[in-house]
Novice: 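One structure is given below, represented as structure tokens, and several questions about it will come after.
In listed order, ligands and their atoms are each counted from 1.
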Amino acid sequence: MYRINPTSTPAWKELESLSNELSNKHLVDIVSTHTRMSSYEASLKDFRLNYMRNHLDDSVLDAFERLFDQTKLAEAIEEQFSGEKINVTEGRAVLHTALRKNTSTPFLLDGENISKQIEGVLSQMEHFSNGIINGDHKGYSGKLFTDIVNIGIGGSDLGPLMVYEALNAYRKRGLKAHFVSNVDGSHLARTLQEINPETTLFIIASKTFTTQETMANAHSARKWFLDSGAKIEDVELHFAALSTNIPAAEDFGIHASKIFGFWDWVGGRYSVWSAIGLSLCCTLGYETFEKMLRGAEEMDHHFKETPFRENIPMVLAAIGIWYTNFMNYSSHAILPYDQNLSRLAAYLQQADMESNGKSVDRNGQKVDYSTGTIIWGEPGTNGQHAFYQLMHQGTPKITADFLASADTHYPLGNQHELLLANFLAQPQALMHGLTAEQVRLNMSREGKTAEKIDQLTPFRTFDGNRPSNILIYKLLDPHQLGRIIAMYEHKIFVQGWVWNIYSYDQWGVELGKKIANQVLDEMKNGPTPESDPITSKLIQDLFDLQS
Ligand code: F6P
């Protein structure tokens, strides 16, 4: 595995000097020099990226091509896809891509044919979910299942939750999924108010089967189920587990036939393609899940086989690095003009920030350049009435992906047309802004007095010059969603690789978990000489407030 400091490459130096030139130019002027719009487009069939509205030109893109070359990206892609143990600090391969590969070709990892193992779990998922949907599997009182409660957190929650929302148009016979993640009891309690124990299947989703939040919720759910009048032997029918830790799932009391395994080479935040997708199969149908896998597989091929300028994930990665490392941007908004993608930003927060939120490089040295990106966002048009003000006129520098589909699953009046008009208008406004001259002219046409015009002009002027990427596609169907998720996964991989960090571990979340256990101990048994005095004081304050 190569461990190249990107700042030591000639391409990095080239990009530094290009950024000095381009950072002082207005986006409108940069774009006006582009002769062919098609040079700033990349597509995978009916999925298109337009990246015209960015502070870059051919020289920048050529330098990025050299940067990818000089940091040995092609070799890294090969290592990842072939199952090299690129997650070095955990000694693991990173093979979520194998989960969506055609399983008829054997794939050997440490001497085992993992295609066979993947196929085995997929067919277990297919069989089980078909049984739930067609009624072969019923609850203990003989009633059909109506509700599926997925109990998990992080990658064992955000992926299925996001996809369930995104593909809501594909729900089978009104089967409803609920996603309980927070250890805050209100999350589970509110869900339990909506369901009937006789018709509910609980899926305990946890790669490790040790996560505090998930285990607390799983135990409370089982207690609620038994308190409702079900017998201990009914647990077998109403509880399933998705985990790499089969013994722990069995210890919890889950029947072996209802444990769906996966493997340590599937990272939690990349696990939606694995057994973690069971709640999706049970509510949207296995065939929908399968179509999502095929869409992702298609993106995998596109990523591996397409030249840089037409390669959607690579271009997005380059643009992200450009703004982070050369133009001093630190935050990136995900703005789908699609209510069904309401959880996409939350999903990508984990995928991106847990992967690339690192400050030690692959040589174990502190980095002296920026890594990682703050990811956030909400669907349009809602965001327009909330945080877009800051995007248009605020001081923080923000980049954005705007996403929309040409067709809709929900043709109501002219609403899709209105949505698309807003989707197209916002990036245009962000780039062009509105000059003081235009503002003055507009106000004089409105009949405002000269005094009023002078007073209001500074506030109504927009600098523009704010970049964005546009992603459009025909329809948000399972295949397209698979492409979108895989696209972002590859973008994250490329960025982590170039930044010379390990994208597939997450040591940063461990410290908080460990301290939470120590604090819990202190809350039960009182402080020790090692206790943090501020935490001890706050514990006392909370106890004082408790009734
Ligand atoms: O937040 C840390 C983390 O380990 C994530 O990476 C993971 O997705 C989540 O916790 C849940 O872990 P598990 O699936 O093992 O319960």
Novice: What protein heavy atom sits nearest atom 3 (C) of ligand 1, and how far away is it?
Specialist: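 That would be Lys513 NZ, 4.1 Å.
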Novice: Scan residues 85-115 for pairs that pass ring pair (Phe, Tyr, Trp, His ring centres under 6.0 Å), counting only residues two or more places apart or in two chains.
Specialist: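 Qualifying pairs, neighbours excluded: His96-Tyr270.
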Novice: Among all protein heavy atoms, pick the one closest to atom 15 (O) of ligand 1 and tell me residue, atom and distance.
Specialist: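 Scanning the protein heavy atoms, the shortest distance from atom 15 (O) of ligand 1 goes to Thr208 OG1, 2.6 Å.
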Novice: Hey, which atoms in ligand 1 end up nearer than 4.0 Å to a heavy atom of Gln350?
Specialist: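 Listed by number with element, the hits are 5 (C), 6 (O), 7 (C), 8 (O).
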Novice: Tell me, do Trp497 and Phe68 make a side-chain contact under 4.5 Å, heavy atoms counted?
Specialist: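 Not in contact.
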Novice: Just to check, does Glu213 reach to within less than 4.0 Å of ligand 1 when the distance is taken from its heavy atoms?
Specialist: no
Novice: Side-chain donor-acceptor pairs under 3.5 Å in residues 154-169, sequence neighbours left out?
Specialist:
unit_1 : atom_1 : unit_2 : atom_2 : d
Tyr164 : OH     : Ala177 : N      : 3.0

Novice: Considering only non-hydrogen protein atoms, determine which one is nearest to atom 8 (O) of ligand 1 and report residue, atom name and distance to 0.1 Å.
Specialist: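 In this structure, atom 8 (O) of ligand 1 has Gly155 N, 2.7 Å as its nearest protein heavy atom.
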Novice: Starting from atom 14 (O) of ligand 1, find the nearest protein heavy-atom neighbour and note its residue, name and distance.
Specialist: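 Checking every protein heavy atom, the shortest distance to atom 14 (O) of ligand 1 gives Ser156 OG, 2.6 Å.
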Novice: Without hydrogens or angle criteria, can the side chains of Ser370 and Asn325 be said to hold a donor-acceptor pair below 3.5 Å?
Specialist: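 No donor-acceptor contact under 3.5 Å links the two side chains.
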Novice: Are any of the N or O atoms of Ser206 closer than 3.5 Å to those of ligand 1?
Specialist: yes
Novice: How about Trp376 and Phe387: are their ring centres within less than 6.0 Å of each other?
Specialist: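 Ring centroids of Trp376 and Phe387 are less than 6.0 Å from each other.
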Novice: Considering only non-hydrogen protein atoms, determine which one is nearest to atom 6 (O) of ligand 1 and report residue, atom name and distance to 0.1 Å.
Specialist: Glu354 OE1, 2.6 Å
Novice: For a salt bridge (Lys or Arg N to Asp or Glu O under 4.0 Å) check, start with the C-alpha distance between Lys291 and Asp477, then their side-chain angles and the critical distance, and finish with the verdict.
Specialist: CA-CA 9 Å; Lys291 283 179 189 155; Asp477 60 17; over 6 Å; no
Novice: Can you figure out which of Ile153, Thr211, Val509, Asn245 has its heavy atom closest to atom 16 (O) of ligand 1?
Specialist: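 It is Thr211 that holds the nearest heavy atom.
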Novice: How about Asp521 and Gln518: does a side-chain donor come under 3.5 Å of a side-chain acceptor?
Specialist: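 Result is no, nothing qualifies.
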